[in-house]
Structure formats: C-alpha cells, structure tokens
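First the structure, in the form of structure tokens, and then the observations on it.
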Amino acid sequence: QLRLAESGGGLVQPGGSLRLSCTALPSGFSLDYYLIGWFRQAPGQGREGVSCISDSGDSTYYADSVKGRFTISRDNAKNTAYLQMNSLKPEDAGVYYCGAEEETLRYCSLDPGRFGSWGQGTQVTVSS
C-alpha cells in the first residue's frame, strides 16, 4: 500500500522560504505513474489544493493564491516531490499534505477528493 511522508515544515517569518518534501513509502516505491498534489489545511478549515504536478513533471498547476510564490517539482528517480515556498505570508500557515493518485486522474486536480494516497502532514507556521 502506498503511503507518503512529508517533511520540511517549520517556523518561518513572513517573507521567508521553506522547501517541503514528499517521499513515497515503503522505501523504493515508484511514483513514476502518479500525479502528485500539495494541499494545506488551516485550523478549523477544510483541506485546500495548493499545487499539482503531472507524472512526468511536464505540467504543473497552482492555486491563484500561491502563483508566482510556490514551485512544485519532482524527482522520480528519488520517488520524491517538492514544494518550494517563497515570500511566505501568515495566511499560508497550516498543515501541508501531499497526495498521490495513479488510477483515476489523467490531468492535475486541486480537489483533495480526487487523490487516494496521503501523508501525515507537516506543520508550516508563518509568524513574526
């Protein structure tokens, strides 16, 4: 069974940067045919889509709220996806999750309901 593990969260000041990683488990599990999405959830809020990347990495998609500030990428040789977050704002704070889907998605989606595999999440705090 595919599981995902996020890392890289932490406390950052407004305007700062973080790089999140999402790695497949068990170790060595291939993500070659999976679309990968990043999502976030603030306290008391629903999970919202942030970014998505195609299986090959050729296509990416971003929520309007993060366009120009966040960059999604993947390294299939490492079975890992990344989210580079720059110019962070307080409203970016929350628990960040990665999701993966192989069977039901052909194109990227920011709908968390379309993704079947998830990690435990990593906390991002943006505060001065």
Side-chain angles (χ1 to χ4, degrees):
Q1 181 180 358
L2 170 62
R3 303 185 307 281
L4 302 170
E6 304 94 340
S7 62
L11 174 64
V12 65
Q13 294 183 340
S17 298
L18 287 172
R19 189 193 192 208
L20 308 183
S21 297
C22 171
T23 300
L25 296 174
S27 180
F29 193 105
S30 177
L31 293 177
D32 287 0
Y33 298 101
Y34 287 82
L35 281 76
I36 303 295
W38 283 98
F39 307 82
R40 65 190 181 191
Q41 188 166 12
Q45 303 296 315
R47 191 170 299 185
E48 66 172 340
V50 174
S51 186
C52 181
I53 188 167
S54 64
D55 54 358
S56 67
D58 290 342
S59 300
T60 59
Y61 185 78
Y62 300 91
D64 288 343
S65 60
V66 306
K67 284 181 180 177
R69 300 188 297 120
F70 290 11
T71 302
I72 190 171
S73 61
R74 67 190 297 161
D75 185 343
N76 283 349
K78 297 181 178 179
N79 300 313
T80 300
Y82 306 93
L83 185 68
Q84 178 67 48
M85 305 186 296
N86 298 326
S87 302
L88 282 162
K89 304 174 181 179
E91 53 262 44
D92 293 319
V95 179
Y96 280 69
Y97 301 87
C98 60
E101 181 59 51
E102 177 187 31
E103 296 180 352
T104 65
L105 285 183
R106 177 173 173 82
Y107 304 106
C108 268
S109 173
L110 296 184
D111 179 2
R114 302 294 305 276
F115 290 78
S117 299
W118 295 92
Q120 294 290 318
T122 185
Q123 177 71 50
V124 172
T125 302
V126 185
S127 176
S128 59

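Bear in mind that the values here come from a model prediction, so they are computed numbers and not experimental data.
- Here the side chain of T122 pairs a donor or acceptor atom with the backbone of G9 at under 3.5 angstrom.
- Between P90 and P14, some side-chain heavy-atom pair lies under the 4.5 Å cut-off.
- Cluster note: L4 groups with L2, V12, L18, L20, F29, L31, Y34, I36, W38, V50, I53, Y62, V66, F70, I72, L83, M85, L88, Y96, V124, V126 through ILVMFWY side-chain heavy atoms spaced under 4.5 Å, whether in direct contact or through intervening members.
- Under the side chain to side chain donor-acceptor pair (under 3.5 Å) criterion, Q13 pairs with no residue at all, not counting sequence neighbours.
- With sequence neighbours excluded, no residue forms a side chain to side chain donor-acceptor pair (under 3.5 Å) with T60.
- Listed by first and then second residue, the disulfide bond (SG atoms under 2.5 Å apart) pairs involving residues 36-85 are C52-C108 (not counting sequence neighbours).
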- Item | Test salt bridge (charged side-chain N to carboxylate O under 4.0 Å, His left out) applied to E48 and R40, step by step | CA-CA 5 Å; E48 66 172 340; R40 65 190 181 191; 2.8 Å; yes
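- Sorted pairs that involve residues 54-94 and meet disulfide bond (SG atoms under 2.5 Å apart), not counting sequence neighbours, are lacking altogether.
- Atom CD of E91 has more than 12 heavy atoms from other residues, nucleotides or ligands within 6.0 Å.
- For the residue pair R74 and L35, the shortest heavy atom distance occurs at NH1-CA, 4.2 Å.
- Look at D92 and R69 and you find a salt bridge, because one of the NZ, NE, NH1 or NH2 atoms lies within 4.0 Å of a carboxylate O, short of that distance.
- Shown here for G49 and A63, the closest heavy-atom pair between the two residues is O-CB, 3.6 Å.
- Distance OG/S59 to OH/Y107: 9.5 Å, rounded to 0.5 Å.
- R19 is linked by a side chain to side chain donor-acceptor pair (under 3.5 Å) to nothing, counting only residues two or more places apart in sequence or in another chain.
- Note on residues 1-12: no pairs pass side-chain hydrogen bond (donor to acceptor under 3.5 Å, both in side chains), not counting sequence neighbours.
- Identified under the side-chain hydrogen bond (donor to acceptor under 3.5 Å, both in side chains) test for residues 77-87, with sequence neighbours left out: S17-N86, T23-T80, Q84-N86.
- With sequence neighbours left out, the side chain to side chain donor-acceptor pair (under 3.5 Å) criterion links D111 to no other residue.
- Looking at N76, its side chain does come within 3.5 Å of a backbone N or O of D55 through a donor-acceptor pair.
- Taking the ring-ring contact (aromatic ring centres under 6.0 Å, His included) definition, one finds that F39 meets it with F115, W118, sequence neighbours left out.
- Taking the side-chain contact (heavy atoms from CB on, under 4.5 Å) definition, one finds that Q41 meets it with R47, Y97, sequence neighbours left out.
- Residues passing the side-chain contact (heavy atoms from CB on, under 4.5 Å) test with D64 are K67, sequence neighbours excluded.
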